[in-house]
Protein chains: 2
Amino acid sequence: MSVRAPDVANRIVLDEKEMPTRWYNIQADLPFPGSPPLHPGTRQPIGPQDLAPLFPMELIKQEVSQERYIDIPQPVQEALRLWRPTPLMRATRLERELKTTAKIYYKYEGVSPPGSHKPNTAVAQAFYNKAEGTKRLATETGAGQWGSALAFAARIFDLECMVYMVRISYEQKPYRKSMMQVWGATVVPSPSELTNAGRKIRAEHPDSTGSLGIAISEAVEDAATRDDTKYSLGSVLNHVLMHQTIIGEEAMVQMERAGAMPDLVVGCVGGGSNFSGLAFPFLRDRLQGKTRTRFLAVEPDACPSITRGKYTYDFGDTGEMTPLVKMHTLGHGFIPDGIHAGGLRYHGMAPLVSALVDHGFIDGVAYPQRTVFDAAVQFARTEGTIPAPESAHAIRAVIDEAVKARERGESPVILFNLSGHGLLDLAAYDAYFAGTLSDVALSETRIKELVGAL
Amino acid sequence: MSVRAPDVANRIVLDEKEMPTRWYNIQADLPFPGSPPLHPGTRQPIGPQDLAPLFPMELIKQEVSQERYIDIPQPVQEALRLWRPTPLMRATRLERELKTTAKIYYKYEGVSPPGSHKPNTAVAQAFYNKAEGTKRLATETGAGQWGSALAFAARIFDLECMVYMVRISYEQKPYRKSMMQVWGATVVPSPSELTNAGRKIRAEHPDSTGSLGIAISEAVEDAATRDDTKYSLGSVLNHVLMHQTIIGEEAMVQMERAGAMPDLVVGCVGGGSNFSGLAFPFLRDRLQGKTRTRFLAVEPDACPSITRGKYTYDFGDTGEMTPLVKMHTLGHGFIPDGIHAGGLRYHGMAPLVSALVDHGFIDGVAYPQRTVFDAAVQFARTEGTIPAPESAHAIRAVIDEAVKARERGESPVILFNLSGHGLLDLAAYDAYFAGTLSDVALSETRIKELVGAL
């Protein structure tokens, strides 16, 4: 027949027995000293006991560990096997449409029940908490990806789960809230009346639609003031990034099986965890001088912490309750505009990613919203999967790199993280097609003002 | 550590090279004669030319083929590999919660880009149409699963796609419509002003919220009156059921690998295609006397065609434009109540399924809506995945069978089709938690009235 064949998908799957059994801790391989977190009161380096009210001791140890590999506990492995290993795909139909000489591969994390990479760390955190006697977890969520992942993980290990959800998302994204409720979590809009941090904001700004920084303050206060409760964070921290390295460890095996190792690794960055999860195992070889792989972190123009922020000590939350960490930041009081990639609206960046950017191992690039959705729709119409707006930032950068490769006559192997699907973000696609998406970007004046205040 | 391990998931995946390369055509093995479709005008058996305005010749041939196996064309295989083979899972966490002695396995079709089994036939239909010169496909959709699958498939083979979407779903489920638009389809609410069938209904009932029967009439009229357009149906027809047998062929390999063959195979039924796709390859062995496997088709109390309908010739649509087929039916004028399992609201049942029920090879059971959602939530809280309301009908029956097995001290192997996820059905879960779901069921009087009129 005369119909042209869509190219072979080159879908590379691993058997559950091939799932990695240990995490990679990049702290063991850094060629520069780390910068310790500082106590919010004394501004002196914090010790394990300072964090004990918030986290189980095993996670505190992982946060500062210098061990290169840490075994994944058996119960965590078994929970991960509900959806892992995840597939690696060759994007042959996208390649053809772009007429590119580049080879494009992506690791697809959207197959997890909550639809993103977030449960990779959520199940680990729930497990260590359960093992140390925690009864209840408190956390914050913006767009809802992290809250739903923790709700799912808490249910697996029989923990209660309390989610402070940024009020504007609570109202605009009711289905993420529904998802959390299906898994049995309690979800309240933040700022709430349940914490001092929340009440203070509401007294000053009764109409506050909330922010991630405020919700973090609420969840931290909840955990710090209840004996049965600990706090869980979905990105930024060293142990969270480490739990995500299972993505890259699987991808290395799959790329080897495909007979192609990446020249360029790409991921979107909000707090930095999905990017790090894919990139760190490949960075291991680069740090050891074995490869010259490039690493590209993609962020939104509306919240450009890596490309425009200052590398300095700052708080993780609005309420100044968390330790100060050295990171690329736009300031802990900064509230970005309401772009649809809610998971990329955080004022700072993971300290490990920030340090690697500062030392030249990772590059950053920022894009405005509409061009990101152009890429998202192009991807959906070739590869099928409708990407999350966050993940579409990575796709935008990959398409641009693939077109550049064609123009230069180069044939690089590009690998990116498709960190989640967009099935709960279809309202954003509606806005895109209706032409009502705006390209929010920070002005030079505003950036100078933000950075100058740090 | 003292945390109990969640059981091993027993996730059985196949490599893309192991994907079946032919469909199983159960018509070759039926131990009874088939009942031919009748022309709506003459009431005489129809010939291929009667169907030619609606379908490409290759699908018409498949509809009546007596070949046991039909090769899957290479371009269709390559499109299927965007998400296939799909995983087979052992539901160990559900088994433990039920304290059952049964072993429960499920085939998970929700990993496709549109989130259900529907694209298995959509890509095949789009391919054969493209090969025979069709430029545009017209179809109907209720809840939107089928429409989104055809939109996705049409995009793969560069065809235009026109979807008549039941008006109440168009208004209540805007995100399914968004999905179709991401893949480039045109979606209109039905009844519409674009067809005679639609205009007639709107003239008589200006406030009509539509039905699947009406939308079929519109799509058939669209295709019959335009040279560039053919019609696509997402269930009921023999060739559609055959395209779905890739599910069961994969599952047979996976069950063999798990070392367990099913004593009971379960699926939900609307038109019958996901059930048949899983069941027919296992029925092959039963029809040949090699096994005594039981087959259970699960339907809603609100639309109980198998369990309460009449086995007789009836139209497939409200407008009496389609051929008459012999099937279990509640009458082509019947419009079921608006339950959330929109995919199970069809007045009839696939002729092949109906004949196998009539000859005692398949059993039927019907459930009310709330008990189905009880099962859906229990499943999501143990296995993680949030099921589509349609698929949850199968889960309800499986849980009941597993509890019975425990009570009887039996250890059957149960296999069911988790035909799709419920991420676009979270409003239905909200209604369940809010206690506003009603257990709509047809009264005895109404059933007598419906069946008496046939």
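Below, read A as the first sequence line, B as the second, and so on, with proteins coming before strands; counting in each chain starts at 1. Excluded from the calculations below are hydrogen atoms, water molecules and symmetry mates; all remaining heavy atoms, backbone and side chain alike, are included.
- A distance-only check finds a donor-acceptor pair linking the side chain of Arg93(B) to the backbone of Ile156(A) [under 3.5 Å].
- Residues satisfying the side-chain hydrogen bond (donor to acceptor under 3.5 Å, both in side chains) test with Asp15(A), not counting sequence neighbours, are Lys17(A).
- Residues Val13(A) and Glu16(B) form no side-chain contact, since every pair of their non-hydrogen atoms from C-beta on lies 4.5 Å or further apart.
- Among all heavy-atom pairs drawn from Arg84(B) and Arg11(A), the shortest one is O-NH1, 3.3 Å.
- Here the side chains of Leu423(A) and Tyr175(B) are not in contact, with every heavy-atom distance at 4.5 Å or above.
- Residues of residues 372-382 of chain A placed with any heavy atom under 4.5 Å of a heavy atom in chain B are listed by number as Val377(A), Ala380(A), Arg381(A).
- Here NZ of Lys173(B) is found 14.0 Å from CG of Leu426(A). Values are rounded to the nearest 0.5 Å.
- Among all heavy-atom pairs drawn from Asp430(B) and Ser178(A), the shortest one is OD1-OG, 2.7 Å.
- With a 4.5 angstrom heavy-atom cutoff, Ala427(A) touches chain B via backbone and side-chain atoms both.
- What you find for Met89(B) and Arg81(A) is that their closest heavy atoms are CE-O, 4.3 Å.
- Within the 4.5 angstrom heavy-atom criterion, no atom of Gln77(B) approaches chain A.
- Note: Trp83(A) leads Tyr108(A), Trp83(A), Tyr432(A), Phe152(A) in heavy-atom pairs under 4.5 Å with chain B.
- For a residue to count as touching a neighbouring chain, one of its non-hydrogen atoms must lie under 4.5 Å from one of that chain's; by this rule Pro85(B) touches chain A with backbone and side chain alike.
- The greatest number of non-hydrogen atom pairs below 4.5 Å with chain A, out of Val182(B), Leu80(B), Thr385(B), Val111(B), is found for Val182(B).
- For Leu14(B), the part lying under 4.5 angstrom from a heavy atom of chain A is the backbone only.
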